[in-house]
Chemist: 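Quick one: structure below, then a few questions.
Both counts, for ligands and for their atoms, begin at 1 and track the order of listing. In this chain, numbering begins with 1 at the start of the sequence shown. Because the structure is predicted, anything quoted here is derived from the model rather than measured.
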Amino acid sequence: MTPDEAGLALADPSAYAEEDRLHTALTLLRKEDPVHWVDPSPEFNPFWAVTKHADVLEIERQQDIFLNGPRPLLATAEADAHAAENGQLLTTLVHLDDPKHKVLRAIAADWFKPRAMRDLQLRVDELAVRYVDRMVELGGECDFVRDVAVHYPLYVILSLLGLPESDFPRILKLTQEIFGGQDTEQRRGQTQEEMIAVVTDFFAYFQGITTDRRANPTNDLASTIANGMVDGELLNDMDTISYYVIVATAGHDTTSSTIAGGLHALIENPDQLQRLRDDPSLAGPAADEMIRWVTPVKEFMRTATRDYELRGVSIKEGDSLLLSYPSANRDEDVFEDPFRFDVGRTPNKHLAFGFGAHYCLGAALARMETKAFFSTLIPRLDALDLAGKPESVATTFVGGLKHLPIRYQMR
Ligand code: HEM
């Protein structure tokens with residue numbers, strides 16, 4: 001494989017569904033050309049692939065030079081052209097830069113601080129028990145992704161938003177369509193028209209929530225967003241709805257992918273499962289190792305506002321850079337034996353949550369959910385095995401396993 005061939009894997013959704021192929025390409029790039037120009041035209045516009053941990057950090061630290069806008073993530077050239085002509089379909093936090101980004105981020109920030117996390121712990125523990133009980137009800141065999149992993153984090157985040165349980169299935173479907181658009185198993189979200197239809201459905205649903213929470217504010221995150229102010233004025237419709245969308249979507253698929261990939265890693269590494277059984281205090285480091293191992297967010301992008309030299313490579317003003325989190329999290333210069341799943345790994349300076357101004361708002365919540373789930377599951381698990389072939393989502397953005405057939409014995 002040449003660096004050019006390896007670089008194209010970064011823009012190939014199917015490569016992300018085949019971990020070995022992806023990591024062979026990323027390992028080659030880290031070694032031979034860590035800042036590599038990739039040109040996947042005509043489907044995608046070109047970009048610099050940034051594959052080393054230190055370089056991803058260097059870019060993310062300099063939010064004044066490397067902006068999220070106008071190309072915050074790898075979208076098709078068709079979608080880039082549509083956004084350039086008509087504006088972005090959504091203006092979520094990841095689409096924005098300062099000063100607006102800082103002001104909007106502050107609106108929800110308190111809901112993700114340690115104090116709020118302590119308040120939420122009980123609810124998260126309760127939901128973890130509910131889904132571990134569900135595994136018992138399923139009688140010793142299930143598709144862990146479909147039956148457990150996609151539901152639990154969605155329930156946590158929608159509880160935080162304060163939305164009724166009866167609406168959860170609808171949001172689950174919309175989330176999967178937004179994030180799984182490149183995978184042929186998802187029905188919509190494949191073409192630009194379908195993506196617009198999905199976003200329109202989201203708008204319709206959340207418009208109703210905004211109207212309701214403005215009229216009857218309650219003590220939940222949806223009310224905080226609906227009544228959030230910038231310069232003494234309520235957020236406009238686009239900013240409000242984009243806010244719900246980023247919280248509902250970012251808070252869900254990422255964590256479910258982590259929990260499913262984490263369970264798969266425990267099946268493949270029974271010694272690590274035994275370590276966790278023997279020493280429950282490893283649940284915290286194990287959660288972080290699962291997040292590093294899965295790295296459910298595959299990339300975000302930045303655009304250079306001026307010429308810049310990165311690892312001896314000349315980046316020109318206006319160039320796009322793709323930050324490859326899966327690559328940074330297997331960087332041999334940072335992680336000892338990076339392809340070993342180690343539930344006791346310390347330090348574990350992974351970049352799965354990004355870094356800097358856009359550092360994942362829900363990082364503490366994601367850690368808490370992952371830890372709570374495995375702390376509840378493992379003491380009740382007597383046996384665990386694969387019952388079929390695991391399958392991953394074909395996507396360049398957010399994903400992980402979409403099927404994990406398992407067989408187990410539980411108390
Ligand atoms: C942003 C990863 C869970 C909400 C991000 C970013 C990454 C990420 C890589 C962009 C960071 C950057 O550009 O430097 C993850 C992973 C998760 C996870 C790996 C689970 C394991 C969550 C949860 C929430 C959440 C549970 C809850 C709402 C957000 C929000 C942003 C964000 C709102 C945008 C922040 C901004 O642009 O200022 N996340 N996330 N994420 N995440 Fe997460």
Chemist: Counting only heavy atoms, which portion of Glu60 has something under 4.0 Å from ligand 1: side chain, backbone, both, or neither?
Modeler: side chain
Chemist: Mind checking whether Arg302 contacts ligand 1 via backbone (N, CA, C, O), side chain (CB onward), both or neither, at a 4.0 Å heavy-atom cut-off?
Modeler: side chain
Chemist: Are Arg330 and Phe339 in a cation-pi setup, meaning NZ or CZ lies under 6.0 angstrom from the ring centre and within 45 degrees of the ring axis?
Modeler: yes
Chemist: Between Arg213 (side chain only) and Ala226 (backbone N and O only), is there a donor and an acceptor less than 3.5 Å apart?
Modeler: no
Chemist: Salt bridge check: are Asp110 and Arg115 linked by an N-O gap of less than 4.0 Å?
Modeler: no
Chemist: Can you tell me which portion of Ile246 lies within the under-4.0 Å heavy-atom range of ligand 1? Options are side chain, backbone, both, or neither.
Modeler: side chain
Chemist: Under 3.5 Å between any N/O of Thr255 and any N/O of ligand 1: does that happen in this structure?
Modeler: no
Chemist: By number and element, which atoms of ligand 1 are closer than 4.0 Å to a non-hydrogen atom of Pro296?
Modeler: 19 (C)
Chemist: Could you walk me through whether Tyr131 and Phe373 pass ring pair (Phe, Tyr, Trp, His ring centres under 6.0 Å), step by step?
Modeler: CA-CA 8 Å; Tyr131 280 97; Phe373 184 79; 8.1 Å; no
Chemist: Could you pull out, from Cys360, Ala357, Ala287, the option with a heavy atom nearest to atom 5 (C) of ligand 1?
Modeler: Cys360
Chemist: Return yes when atom CD of Glu137 has more than 12 non-hydrogen atoms of other residues, nucleotides or ligands closer than 6.0 Å, and no otherwise.
Modeler: yes
Chemist: Donor-acceptor pair, distance only, cut-off 3.5 Å: does the side chain of Asp33 make one with the backbone of Pro3?
Modeler: no
Chemist: Are Gly356 and ligand 1 in contact, using a heavy-atom cut-off of under 4.0 Å?
Modeler: no
Chemist: Quick one: which ligand 1 atoms are inside 4.0 Å of a heavy atom on Val297?
Modeler: 2 (C), 8 (C), 9 (C), 15 (C)
Chemist: Side chain, backbone, both or neither: which applies to Tyr325 and ligand 1 if a contact is any heavy-atom pair less than 4.0 Å apart?
Modeler: side chain
Chemist: Please work out, at 4.0 Å between heavy atoms, whether the side chain, the backbone, both, or neither of Ile157 comes within that distance of ligand 1.
Modeler: side chain
Chemist: Which of the numbered atoms in ligand 1 are below 4.0 angstrom from a heavy atom of Phe112?
Modeler: 27 (C), 28 (C)
Chemist: Please classify the Leu361 to ligand 1 contact at 4.0 Å (heavy-atom distances, strictly less than): side chain, backbone, both or neither.
Modeler: both
Chemist: If we ignore hydrogens and angles and just use 3.5 Å, is the side chain of Ser256 paired with the main-chain N or O of Val150 as donor and acceptor?
Modeler: no
Chemist: Counting from 1, what ligand 1 atoms have a heavy atom of Ala366 closer than 4.0 Å?
Modeler: 3 (C), 20 (C), 21 (C)
Chemist: Around atom 34 (C) of ligand 1, find the nearest protein heavy atom and jot down its residue, atom name and distance.
Modeler: Val94 CG1, 3.8 Å
Chemist: Just going by heavy-atom distances, which of Tyr359, Phe353, Phe355 is nearest to atom 7 (C) of ligand 1?
Modeler: Phe353
Chemist: Taking the minimum heavy-atom distance to atom 26 (C) of ligand 1, which of Pro153, Gly251, Ala352, Ala248 ranks first?
Modeler: Gly251
Chemist: With salt bridge (Lys or Arg N to Asp or Glu O under 4.0 Å) as the criterion, how do Asp201 and Arg170 come out once you've worked through the C-alpha distance, each side chain's angles and the decisive distance to 0.1 Å?
Modeler: CA-CA 10 Å; Asp201 282 357; Arg170 183 168 173 194; 6.0 Å; no
Chemist: Please determine if Glu369 has a nitrogen or oxygen closer than 3.5 Å to a nitrogen or oxygen of ligand 1.
Modeler: no
Chemist: Considering non-hydrogen atoms of the protein only, which is the closest contact for atom 21 (C) of ligand 1, and what is the distance?
Modeler: Thr258 OG1, 3.3 Å
Chemist: Side chains of Phe300 and His358, heavy atoms from C-beta outward: is any pair under 4.5 Å?
Modeler: no
Chemist: Using distance alone, decide if ligand 1 has a nitrogen or oxygen within less than 3.5 Å of any nitrogen or oxygen in His358.
Modeler: yes
Chemist: Backbone or side chain, does any N or O of His101 fall under 3.5 Å from an N or O of ligand 1?
Modeler: yes
Chemist: Walk me through it: do Gln63 and Asp98 pass the test side chain to side chain donor-acceptor pair (under 3.5 Å)?
Modeler: CA-CA 9 Å; Gln63 195 61 41; Asp98 286 347; over 6 Å; no
Chemist: With Arg340 as the cation and Trp293 as the aromatic partner, state whether NZ or CZ is under 6.0 Å from the six-membered ring centre and within 45° of the axis.
Modeler: no
Chemist: Residue-level breakdown please: for Ala250 versus ligand 1, do any non-hydrogen atoms fall below 4.0 Å on the side chain, on the backbone, on both, or on neither?
Modeler: both
Chemist: Rounded to the nearest 0.5 Å, what separation is found between the NZ atom of Lys298 and the CG atom of Leu22?
Modeler: 7.5 Å
Chemist: Is there side-chain contact between Phe66 and Arg61, with heavy atoms separated by less than 4.5 Å?
Modeler: no
Chemist: Check Phe300 against ligand 1 and report side chain, backbone, both or neither, counting heavy atoms closer than 4.0 Å.
Modeler: side chain
Chemist: Give the atoms of ligand 1, by number and element, whose distance to some non-hydrogen atom of Gly354 is under 4.0 Å.
Modeler: 9 (C), 11 (C), 12 (C), 14 (O)
Chemist: Starting from atom 3 (C) of ligand 1, locate the nearest protein heavy atom and write down its residue, its atom name and how far away it is, to 0.1 Å.
Modeler: Thr254 OG1, 3.3 Å
Chemist: When you measure from the centre of the six-membered ring of Tyr152, is the NZ or CZ of Arg130 closer than 6.0 Å and no more than 45° off the axis?
Modeler: no
